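These notes concern the structure reproduced below.
The structure presented is a predicted model; accordingly, all values stated were derived computationally and were not measured.
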Amino acid sequence: MSRLLIVHHTVSPATHELFEQVLKGATTDEVEGVEVVTEPALGATAADLLAADGLLMGTSANIGYMSGALKHFLDTVYYPCLAETRRLPYGLWVHGDNDTTGAVRAVESIAGGLGWERAAAPVTVTGRPAKTDLEACWELGATLAAVISPAE
(Lines give C-alpha, C1' and ligand atoms only; values in the text may rest on other atoms or scores of the structure.)
Protein backbone atom coordinates (compact mmCIF):
# COMPACT_ATOMS: atom_id res chain seq x y z
CA MET A 1 0.00 0.00 0.00
CA SER A 2 1.22 3.49 -0.88
CA ARG A 3 1.11 6.36 1.59
CA LEU A 4 0.01 9.90 0.80
CA LEU A 5 1.02 12.48 3.38
CA ILE A 6 -1.05 15.65 3.64
CA VAL A 7 0.74 18.42 5.54
CA HIS A 8 -1.38 21.47 6.13
CA HIS A 9 -1.68 24.75 7.94
CA THR A 10 -5.40 25.38 7.76
CA VAL A 11 -6.42 27.62 10.63
CA SER A 12 -8.89 29.83 8.78
CA PRO A 13 -12.33 28.59 7.78
CA ALA A 14 -11.48 28.97 4.07
CA THR A 15 -8.20 27.03 4.21
CA HIS A 16 -9.87 24.33 6.30
CA GLU A 17 -12.70 24.03 3.78
CA LEU A 18 -10.12 23.52 1.02
CA PHE A 19 -8.30 20.93 3.16
CA GLU A 20 -11.53 18.98 3.63
CA GLN A 21 -12.04 18.79 -0.13
CA VAL A 22 -8.43 17.71 -0.74
CA LEU A 23 -8.90 14.97 1.86
CA LYS A 24 -12.18 13.82 0.28
CA GLY A 25 -10.50 13.60 -3.11
CA ALA A 26 -7.48 11.75 -1.73
CA THR A 27 -9.69 9.18 -0.02
CA THR A 28 -12.12 8.65 -2.89
CA ASP A 29 -13.21 5.06 -3.49
CA GLU A 30 -12.13 5.52 -7.11
CA VAL A 31 -8.46 5.13 -6.09
CA GLU A 32 -7.32 1.97 -4.35
CA GLY A 33 -4.22 1.02 -2.42
CA VAL A 34 -3.45 4.41 -0.88
CA GLU A 35 -3.31 5.15 2.83
CA VAL A 36 -3.84 8.86 3.54
CA VAL A 37 -2.12 10.39 6.56
CA THR A 38 -2.78 14.00 7.59
CA GLU A 39 -0.50 16.05 9.80
CA PRO A 40 -0.62 19.70 10.83
CA ALA A 41 2.46 21.45 9.51
CA LEU A 42 3.83 22.12 13.00
CA GLY A 43 3.54 18.43 13.92
CA ALA A 44 4.78 16.76 10.73
CA THR A 45 8.27 15.28 10.90
CA ALA A 46 11.02 13.99 8.64
CA ALA A 47 9.97 10.45 9.60
CA ASP A 48 6.45 11.19 8.29
CA LEU A 49 7.88 12.40 5.00
CA LEU A 50 10.34 9.53 4.64
CA ALA A 51 7.45 7.07 5.03
CA ALA A 52 5.42 8.78 2.28
CA ASP A 53 5.15 7.96 -1.42
CA GLY A 54 3.53 11.32 -2.21
CA LEU A 55 2.93 14.66 -0.51
CA LEU A 56 0.18 17.25 -0.54
CA MET A 57 0.79 20.60 1.14
CA GLY A 58 -1.76 23.24 2.05
CA THR A 59 -1.13 26.72 3.35
CA SER A 60 -2.44 30.20 3.63
CA ALA A 61 -0.62 33.02 1.87
CA ASN A 62 0.61 35.36 4.59
CA ILE A 63 2.12 38.70 3.64
CA GLY A 64 3.13 37.33 0.25
CA TYR A 65 4.63 34.09 1.58
CA MET A 66 3.63 30.62 2.77
CA SER A 67 2.57 30.23 6.39
CA GLY A 68 5.32 30.10 8.97
CA ALA A 69 4.07 26.65 9.97
CA LEU A 70 4.58 25.18 6.49
CA LYS A 71 7.97 26.90 6.24
CA HIS A 72 8.90 25.30 9.58
CA PHE A 73 7.96 21.86 8.21
CA LEU A 74 10.02 22.39 5.06
CA ASP A 75 13.01 23.67 7.08
CA THR A 76 12.76 20.68 9.42
CA VAL A 77 12.69 18.05 6.67
CA TYR A 78 15.04 19.63 4.15
CA TYR A 79 18.39 18.08 5.06
CA PRO A 80 17.18 14.82 6.64
CA CYS A 81 15.08 14.09 3.53
CA LEU A 82 17.20 15.68 0.79
CA ALA A 83 18.63 12.51 -0.74
CA GLU A 84 15.86 10.07 0.14
CA THR A 85 12.88 11.98 -1.25
CA ARG A 86 14.15 12.91 -4.72
CA ARG A 87 11.41 12.55 -7.35
CA LEU A 88 8.69 12.55 -4.65
CA PRO A 89 5.40 13.51 -6.33
CA TYR A 90 3.79 16.50 -4.64
CA GLY A 91 0.87 18.87 -4.90
CA LEU A 92 -0.01 22.21 -3.32
CA TRP A 93 -3.02 24.30 -2.49
CA VAL A 94 -2.81 27.90 -1.28
CA HIS A 95 -5.46 30.29 -0.04
CA GLY A 96 -4.97 34.04 0.23
CA ASP A 97 -7.14 37.06 0.67
CA ASN A 98 -5.48 38.96 -2.19
CA ASP A 99 -2.57 37.12 -3.77
CA THR A 100 -0.96 33.67 -3.62
CA THR A 101 1.92 34.18 -6.06
CA GLY A 102 4.72 34.56 -3.50
CA ALA A 103 3.58 31.57 -1.44
CA VAL A 104 3.43 29.31 -4.50
CA ARG A 105 6.81 30.52 -5.74
CA ALA A 106 8.43 29.89 -2.34
CA VAL A 107 7.04 26.36 -1.91
CA GLU A 108 7.91 25.40 -5.48
CA SER A 109 11.44 26.75 -5.05
CA ILE A 110 12.02 24.61 -1.96
CA ALA A 111 10.38 21.57 -3.58
CA GLY A 112 12.67 22.05 -6.58
CA GLY A 113 15.70 22.18 -4.31
CA LEU A 114 14.61 18.89 -2.80
CA GLY A 115 14.20 17.38 -6.25
CA TRP A 116 10.48 16.73 -5.83
CA GLU A 117 8.24 16.39 -8.89
CA ARG A 118 5.07 18.43 -9.17
CA ALA A 119 2.29 15.94 -9.95
CA ALA A 120 -0.42 18.56 -10.50
CA ALA A 121 -0.66 22.30 -10.93
CA PRO A 122 -1.08 24.20 -7.66
CA VAL A 123 -4.62 25.11 -6.69
CA THR A 124 -4.70 28.77 -5.74
CA VAL A 125 -7.72 30.46 -4.24
CA THR A 126 -8.19 34.11 -3.36
CA GLY A 127 -11.11 35.28 -1.30
CA ARG A 128 -14.02 33.05 -0.42
CA PRO A 129 -13.71 29.60 -2.08
CA ALA A 130 -16.18 29.09 -4.91
CA LYS A 131 -17.64 25.76 -5.98
CA THR A 132 -15.00 25.48 -8.72
CA ASP A 133 -12.24 26.00 -6.14
CA LEU A 134 -13.62 23.22 -3.96
CA GLU A 135 -13.86 20.94 -6.99
CA ALA A 136 -10.27 21.76 -7.93
CA CYS A 137 -9.12 20.81 -4.43
CA TRP A 138 -11.02 17.52 -4.59
CA GLU A 139 -9.38 16.84 -7.94
CA LEU A 140 -5.95 17.69 -6.53
CA GLY A 141 -6.37 15.14 -3.74
CA ALA A 142 -7.67 12.46 -6.13
CA THR A 143 -4.88 13.14 -8.63
CA LEU A 144 -2.09 12.74 -6.07
CA ALA A 145 -3.67 9.55 -4.73
CA ALA A 146 -3.95 8.16 -8.27
CA VAL A 147 -0.35 9.08 -9.08
CA ILE A 148 0.99 6.98 -6.20
CA SER A 149 -1.60 4.20 -6.33
CA PRO A 150 -0.04 0.78 -6.88
CA ALA A 151 -3.13 -0.10 -8.92
CA GLU A 152 -2.42 2.62 -11.50
Subject >> Side-chain touch L50/C81, heavy atoms, less than 4.5 angstrom >> reply: yes
**OP:** Indicate yes or no: at least one non-hydrogen side-chain atom of T85 is less than 4.5 angstrom from one of L49.
**Re:** yes
Subject >> Check against side chain to side chain contact (heavy atoms under 4.5 Å, CB included), K71 and V107 >> reply: CA-CA 8 Å; K71 178 66 165 77; V107 172; over 6 Å; no
**OP:** Heavy atoms only: give me the nearest P80-E84 pair and the separation to one decimal.
**Re:** O-OE1, 3.3 Å
Subject >> Any donor-acceptor pair under 3.5 Å from S109 side chain to R105 backbone >> reply: no
Original post:
Are L70 and L56 connected in a single hydrophobic cluster, I mean Ile/Leu/Val/Met/Phe/Trp/Tyr linked by side-chain heavy atoms less than 4.5 Å apart?
Top reply: no
Subject >> Closest heavy-atom pair and its distance - L4, A145 >> reply: CD2-N, 4.0 Å
Original post:
Considering only heavy atoms from C-beta outward, does the side chain of V125 approach that of V94 to under 4.5 Å?
Top reply: no
Original post:
According to a 4.5 Å side-chain heavy-atom criterion applied to Ile, Leu, Val, Met, Phe, Trp and Tyr, with indirect links allowed, do L114 and V7 form part of one hydrophobic cluster?
Top reply: yes
**OP:** Flag yes if L5 and L140 sit in one hydrophobic cluster, no otherwise; membership is Ile, Leu, Val, Met, Phe, Trp, Tyr, and two members link when side-chain heavy atoms are under 4.5 Å apart.
**Re:** no
Subject >> G25 backbone acceptor or donor facing T28 side chain under 3.5 Å >> reply: no
Original post:
T27 side chain to L23 main-chain N or O, any donor-acceptor pair under 3.5 Å?
Top reply: yes
Subject >> Heavy-atom closest contact (A69 atom, H9 atom, distance) >> reply: CB-ND1, 3.2 Å
Original post:
Is it the case that one hydrophobic cluster holds both V11 and W93, taking links as side-chain heavy atoms less than 4.5 Å apart, direct or via other members?
Top reply: no
**OP:** Ignoring hydrogens and angles, tell me if any N or O in the side chain of T76 forms a donor-acceptor pair with the backbone of H72 under 3.5 Å.
**Re:** yes
Original post:
Rounded to the nearest 0.5 Å, how far apart are OG1 of T45 and CG of L42?
Top reply: 12.5 Å
Original post:
Taking C-beta and beyond as the side chain, do H8 and M57 meet within less than 4.5 Å on heavy atoms?
Top reply: no
**OP:** Please tell me if the side chains of I148 and V34 come closer than 4.5 Å, counting only heavy atoms from C-beta onward.
**Re:** yes
**OP:** Determine whether F73 and V77 make a side-chain contact, defined as any pair of heavy atoms from C-beta on separated by less than 4.5 Å.
**Re:** yes
Subject >> L134 CG to E139 CD distance, which is reported to the nearest 0.5 Å >> reply: 13.5 Å
Subject >> Nearest heavy atoms of I6 and A26, plus distance in Å >> reply: CD1-CB, 4.3 Å
Subject >> Residues E117 and R87 bridged, charged N to O under 4.0 Å >> reply: no
Original post:
Would you say the side chain of M66 lies within less than 4.5 Å of the side chain of L74, judging by non-hydrogen atoms?
Top reply: yes
Original post:
Could you give the distance from OG1 (T100) to CG (L92), rounded to the nearest 0.5 Å?
Top reply: 9.0 Å
Original post:
Given S2, which of D53, V36, V31 fulfils the side-chain contact (heavy atoms from CB on, under 4.5 Å) condition?
Top reply: D53
Subject >> Donor-acceptor pair, side chain of H95 and main chain of T124, under 3.5 angstrom >> reply: no
Subject >> Minimum-distance pair of heavy atoms, taken over all atoms of A61 and A103 >> reply: CB-CB, 4.0 Å
Subject >> Distance-only side-chain donor-acceptor flag, S60 / S67, under 3.5 Å >> reply: no
**OP:** Identify the two heavy atoms, one from G54 and one from L88, that lie closest to each other, and give their separation to 0.1 Å.
**Re:** N-CD1, 3.7 Å
Original post:
Between Y90 and W116, what is the ring plane arrangement, given parallel below 30°, perpendicular above 60°, and tilted in between?
Top reply: tilted
Original post:
So if you build clusters from Ile, Leu, Val, Met, Phe, Trp, Tyr with side-chain heavy-atom gaps below 4.5 Å, do L55 and M1 land together?
Top reply: no
Subject >> From C137 atom SG to K24 atom NZ, the distance as rounded to the nearest 0.5 Å >> reply: 12.0 Å
